[in-house]
Amino acid sequence: MLPTDITSPEEYEAALNVLPIHIRDIVESRIDVLEEIALDRGQHLMVKMDGLRIEYPVPITGRNPRFVTNQVGNFRDDGRRGINGTLHRVSGEFNEEGLVDKIIIRVARVIMGVAEPLREYIEQAKGILVIGPPAVGKTTLLRDIGRIRGEVLGAGLYIIDSSNEITGDGDVPHRMMRHSRRVKVGDPLEQAPKLKRGIRNQGPSEVLMDEVGYNGDVQLLMNASRAGVTAIATVHGSVLEDVKNNLDLCPLLGVTEDQRTGEYRKRSTACFDTAIEVHGKGKYKVITNLDEQVRRLLNGEPAESTRVGNWPEFQTSGLSHAS
């Protein structure tokens, strides 16, 4: 299966409907390729497309962010809001008077098939850690991983939707994730409590989460792993070594810091047996036998990985091994 945009015209229309009409007129013809629309008071209209930021000579006044706010409703404590029936995200920032003066609309395209090159790893994995910097496509990949895992696990896959970007902000999950169960979080402070309740009360076979590493969720994932509940989660970082060197995240790899020497040591089994580094759209490095590879890193050796996807030298061959 080739990656396919299954975003409906109605979903794109929903993103356009929250914009002031003069801004809508500018972006409407390209809404299906835009990634972000930024309305910052006192600046010009800025859009992001194919990783590039493009400025239009259209001044943004205070009325423009307020118009969007009136369309989407009040923001949650994390400064975010979804658009019902879609996966789009609207983020707001406020001035010292508490008035919204910056808006970013992240246009979410529902891409089915981005995880297909990784299917053999996804189906066999007992826990998957997805690693990548912001805006590199982790959530898009995570959603498609959830689709593949949901084919097998069905309601046994329990999605903890931290910002309601995986399954959407509405009462009904997006159709792409219809086989799984989900709980909306919204407030990041609620992520760990809702994960805890879900594990205790819902009996999941596997939990799937975005942006792990905050508000106590690391310890809960470790406890779940010991109880036999596998996990799929994303974290910020560029490579596996970044996770190993992060005091908040390294326990997920079974690593702790020696308080006397400051050295990192392997103390227990990782919560995952597979890691996927996201190096760009369609560019992945897969690390299997994760415990062994973490030990290699601790010994000063590079982790062994497999390149998957559209790396230039692998355009025709698909999969190829590389260190």
Side-chain angles (χ1 to χ4, degrees), residues 3 35-36 48-53 78 80 87 89 91 104 106-119 121-122 125 127-149 159-167 188 191 207-214 217-218 221 230-253 255 270-288 290 293-294 297 302-312 314 319 322-323:
E35 299 169 19
E36 290 181 356
K48 183 180 178 184
M49 179 173 60
D50 291 331
L52 300 175
R53 298 188 186 278
D78 63 353
R80 296 177 176 181
L87 299 175
R89 187 182 82 192
S91 301
I104 287 184
R106 181 171 288 182
V107 182
R109 276 175 293 282
V110 187
I111 309 298
M112 180 181 290
V114 294
E116 285 297 328
L118 300 161
R119 179 178 278 272
Y121 300 103
I122 294 168
I128 302 171
L129 182 65
V130 179
I131 306 164
V136 77
K138 292 192 305 300
T139 302
T140 299
L141 176 63
L142 182 69
R143 191 181 299 120
D144 209 38
I145 290 173
R147 173 185 64 85
I148 292 174
R149 297 295 292 181
I159 299 173
I160 309 292
D161 205 344
S162 56
S163 294
N164 302 341
E165 290 183 73
I166 303 172
T167 60
Q191 177 153 297
V207 294
L208 184 148
M209 299 173 61
D210 203 5
E211 298 185 4
V212 169
Y214 310 97
D217 50 17
V218 167
L221 275 185
T230 56
I232 303 169
T234 68
V235 294
H236 286 141
S238 296
V239 294
L240 178 63
E241 189 159 12
D242 293 338
V243 182
K244 186 266 291 182
N245 292 335
N246 185 314
L247 279 175
D248 294 324
L249 298 176
C250 66
L252 293 171
L253 303 178
V255 173
C271 297
F272 320 87
D273 70 359
T274 300
I276 300 172
E277 297 175 356
V278 184
H279 290 266
K281 291 182 178 179
K283 294 183 175 71
Y284 312 115
K285 284 187 178 181
V286 182
I287 301 169
T288 56
L290 197 53
Q293 301 309 318
V294 170
L297 290 176
E304 296 175 340
S305 62
T306 302
R307 287 188 178 191
V308 179
N310 62 0
W311 295 83
F314 301 101
L319 302 182
S323 61

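Residue indices begin at 1 and follow the sequence shown. All figures in this text were calculated on a predicted structure; none of them were measured in a lab.
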Minimum heavy-atom separation for V308 to P117, with atom names?
CG1-O, 3.5 Å
Results of side-chain contact (heavy atoms from CB on, under 4.5 Å) for R119 - residues two or more places apart only
E116, E123, R147, I148, E151
When you measure from the side chain of R89 to the backbone N and O of A108, does any donor-acceptor pair fall under 3.5 Å?
no
Hey, could you give me the CD1/CE distance between I232 and M209, rounded to the nearest 0.5 Å?
12.0 Å
Holding to side-chain contact (heavy atoms from CB on, under 4.5 Å), I want the full list of residues that pass it with D248, two or more places apart in sequence or in another chain.
N246
According to salt bridge (Lys or Arg N to Asp or Glu O under 4.0 Å), who are the partners of K244, at least two apart in sequence or on a separate chain?
E241
Heavy-atom donor-acceptor pair, D217 side chain to V212 backbone, under 3.5 Å
no
With a 4.5 Å heavy-atom cut-off, do V218 and L221 have their side chains touching?
no
For the residue pair I287 and S305, what are the closest heavy atoms and their distance?
CG1-CB, 3.8 Å
Nearest 0.5 Å, what's the CG-CG distance between D144 and L118?
9.5 Å
Rounded to the nearest 0.5 Å, what separation is found between the CZ atom of R143 and the CD1 atom of I111?
9.0 Å
On a heavy-atom basis, the closest approach of A270 and L290 is CB-CD2, 4.5 Å
Which distance, rounded to the nearest 0.5 Å, do you find between the CD1 of I159 and the CZ of R149?
12.5 Å
So how far is it from E36 CD to R106 CZ, rounded to the nearest 0.5 Å?
5.0 Å
Could you list the residues that satisfy side-chain contact (heavy atoms from CB on, under 4.5 Å) with L52, not counting sequence neighbours?
none
Could you tell me which non-hydrogen atom of V114 sits nearest to which non-hydrogen atom of Y284, and how far apart they are?
O-OH, 3.5 Å
Distance check, rounded to the nearest 0.5 Å: T234 atom OG1 versus L208 atom CG?
8.5 Å
For residues 131-142, tabulate all N or O donor-acceptor pairs below 3.5 Å that involve a side-chain atom, not counting sequence neighbours.
from: K138; atom 1: NZ; to: G132; atom 2: O; distance (Å): 3.1
from: K138; atom 1: NZ; to: P133; atom 2: O; distance (Å): 2.9
from: T139; atom 1: OG1; to: D210; atom 2: OD2; distance (Å): 2.8

After noting the C-alpha distance and the side-chain angles of L253 and L129, does the key distance pass the side-chain contact (heavy atoms from CB on, under 4.5 Å) rule?
CA-CA 10 Å; L253 303 178; L129 182 65; 4.1 Å; yes
Less than 3.5 Å apart, which donor and acceptor atoms pair up between the side chains of residues 271-280 and the rest of the protein, not counting sequence neighbours?
from: D273; atom 1: OD1; to: K126; atom 2: N; distance (Å): 3.0
from: D273; atom 1: OD2; to: K126; atom 2: N; distance (Å): 3.1
from: E277; atom 1: OE1; to: H279; atom 2: NE2; distance (Å): 2.8
from: E277; atom 1: OE2; to: L240; atom 2: N; distance (Å): 2.9

